[in-house]
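Below is one structure, written out as structure tokens; the observations come after it.
The model shown is predicted, which means the values in this text are computed figures rather than measured ones. Here is the naming used below: chain letters follow the sequence lines, and residue numbers restart at 1 for every chain.
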Protein chains: 2
Amino acid sequence: MDVGVTLPSLKSVCATCSMRELCMPIGLSDTDLAHIDTLVGARTRLRKGETLYRAGDPLTGLFAVRVGSLKTAVLAEDGREQVAGFHMSGEIVGLDGMGTEWHVSHAVALEDSEVCVMPLERLEKLAHDMPTLQRNLRRFLAREIGRQQSVMLMLGSMRAEERLAAFLLDLGARYRRRGYSGSEFVLRMTREEIGSYLGLTLETVSRLLSRFQQEGLIRVQGRGVTLLDQPALRELCGRKA
Amino acid sequence: MDVGVTLPSLKSVCATCSMRELCMPIGLSDTDLAHIDTLVGARTRLRKGETLYRAGDPLTGLFAVRVGSLKTAVLAEDGREQVAGFHMSGEIVGLDGMGTEWHVSHAVALEDSEVCVMPLERLEKLAHDMPTLQRNLRRFLAREIGRQQSVMLMLGSMRAEERLAAFLLDLGARYRRRGYSGSEFVLRMTREEIGSYLGLTLETVSRLLSRFQQEGLIRVQGRGVTLLDQPALRELCGRKA
DNA sequence: CGACTAGTTGAGGCCAGTCAATGTTGGTGG
DNA sequence: CCACCAACATTGACTGGCCTCAACTAGTCG
């Protein structure tokens, strides 16, 4: 990848970043973009398995995923981990801490990844003079709320096969939005993490993937997945009345 | 209640509102409060069962619950309803729409209630000149994220009895924060709504309430609930490793 | 009082969890 | 390059928790 180490390229990171429209969906003028660039403090690389922040850490800023993917998860008191979300390039992580000044979840890289760090104090200052950024910020928070609401819907009222179908379709849609194939992709997470996210056990996830394959809905080869019959998958997770 | 119809009292609604610290947790100066008052457009009364907004409605503003309580819920395509939250006095509803300009959930009064309306355009204008409000606004969104994350944890990894215990304790804590008893209160919602929120059926909720009573953890009399043994309830929903 | 909604309780079945054995993959070091 | 190991994944047998269906009761409101 073009992971710039040269200073010149760093100077206009955002303006040339292919993930720009995802990070900052509302149109920014060129001068705005120049300002945004001053926001991004540094880019951090994470190796697979490395932790970006932990629950309890003070919130120092937000992070934009530039390359790779992360999971965020919360811990119950007894140590059980519940995956709260998977985050790919162009998405913002760290929002969970903005209510309390500390993070309530932790974020771990699922593969070698790179994130842009946006320190909080710069964010606040910049947001004050820049209504557009302000609006974007709120939009992120609100979008996160919407996302979580659909997860709650899923966990609360869907059966296992419906959840998995919805999960696969969602992943596909997100890859498509990034210019990748929406029907053929590689799972970056383990069966256990998928299960945790969906409120299922890893065995159930594995069994269902096998069954979906047998039924001709998908093809699975380890972590590689091909969605063969998306209408049927949609049918599966949609109406059942 | 002192539901003011006189204009003078309306002029300084927020300054005297007992729910102030809940609505606006970050200290506001007196002049700030005066400004906030200009924010609150009107107070609306809702009879039990009345709808405050529906999914698809354009987002016109936020609502602060002043008296009573509401539920918010989302609809699946097939018409199933999933309760997303219960909201009591001092809480803000309507945040769900801020990502998209339209509401994604609907809000219904569980009892006769009263909400303060905060029109969006005033909110935006005021927030621009008032960093404190700005921060409060973000804080609400972020707090909502945190709340939903714990619901996800609950739905994803707790068993039925754990969920119900957590639910009862949460309700108690919220009543206590409002100056009511935290161990003796009235459920404002039906068993079915509780079940929908917890991802259970109404029968399971009913059975569990009976069982909790048999075990001496609570006392139930229709919608009246007394928490008799909170430590045990906490034990129930906490560690099980 | 009848009609309706909300709630309780029971019987039975199924979906998904648990436990366990085996297979597969990828990384590491000799 | 291969052997080895650990983590990840698959599959089967069994169990049990929760859902479904159903009957019955308790309030509530015209």
- With heavy atoms under 4.0 Å as the rule, sort B:R207 into base, sugar-phosphate or nothing. base
- Using whole Å, report how far CG of A:L202 lies from P of D:dC8. 10 Å
- Rounded to the Å, how far apart are B:Q221 CD and D:dG27 C1'? 12 Å
- Message: For B:R54, is the CZ atom crowded, meaning more than 12 foreign heavy atoms sit under 6.0 Å from it?
- Response: no
- Task: Would you classify A:G49 as touching base, sugar-phosphate or nothing, given that sugar-phosphate means primed atoms plus P, OP1 and OP2, and contacts are heavy atoms under 4.0 Å?
- Result: nothing
- Query: Relative to the 5' end of DNA chain C, which residue comes earlier, A:L200 or B:M189, by the nucleotide with the nearest heavy atom?
  - Reply: B:M189
- Query: Separation of A:L164 atom CG from D:dT10 atom P, in whole Å?
  - Reply: 11 Å
Distance-only criterion, 3.5 Å: show the donor-acceptor pairs between side-chain atoms of residues 194-205 of chain B and protein atoms not counting sequence neighbours.
{"from": "B:S196", "atom 1": "OG", "to": "B:E81", "atom 2": "O", "distance (Å)": "3.2"}
{"from": "B:S196", "atom 1": "OG", "to": "B:V83", "atom 2": "N", "distance (Å)": "2.8"}
{"from": "B:T201", "atom 1": "OG1", "to": "B:T204", "atom 2": "N", "distance (Å)": "3.4"}
{"from": "B:T201", "atom 1": "OG1", "to": "B:T204", "atom 2": "OG1", "distance (Å)": "3.0"}

- Message: Rounding to an integer number of Å, can you tell me how far B:E192 CD sits from D:dT20 C1'?
- Response: 14 Å
- Which of C:dT8, C:dC19, D:dG17 is nearest the side chain of B:R159? It is D:dG17
- Query: What is the distance from CZ of B:R223 to P of C:dG7, rounded to the nearest Å?
  - Reply: 5 Å
- Quick one: ring-ring contact (aromatic ring centres under 6.0 Å, His included) partners of B:Y53, sequence neighbours excluded? B:F63, B:H103
- Nearest-nucleotide pick for A:T190, side chain only, options being D:dC8, C:dG17, C:dA6: D:dC8
- Send over the distance from A:M158 CE to D:dC19 C1', rounded to a whole Å. 18 Å
- When you get a sec, tell me which of D:dC18, C:dG7, C:dC19 is the closest nucleotide to the side chain of A:E203? C:dC19
- Side chain of A:R191 (C-beta onward), nearest among C:dT9, D:dT10, C:dA6: D:dT10
- Message: Please confirm whether the shortest side-chain N or O distance from B:T204 to OP1 or OP2 of D:dC19 is below 4.0 Å.
- Response: yes
- Query: Is the phosphate of D:dT20, meaning OP1 or OP2, less than 4.0 Å from a side-chain N or O of B:T201?
  - Reply: no
- At under 4.0 Å between heavy atoms, what does B:G195 touch on the DNA or RNA strands: base, sugar-phosphate, or nothing? nothing
- Hey, are B:H87 and B:T72 close enough side-chain-wise for a donor-acceptor pair under 3.5 Å? yes
- Rounded distance in Å - CZ (A:F212) to C1' (D:dA9): 17 Å
- Query: Does the base of D:dC18 carry an N or O that pairs as donor and acceptor with the side chain of B:E161 under 3.5 Å?
  - Reply: no
- Checking salt bridge (charged side-chain N to carboxylate O under 4.0 Å, His left out) against A:E111, which of A:R223, A:K71, A:R188 comes through? A:R188
- Message: So, OP1 or OP2 of D:dT11: does either fall under 4.0 Å of a side-chain N or O from A:S206?
- Response: no
- Query: Whole-Å distance between C:dT8 P and B:L187 CG?
  - Reply: 10 Å
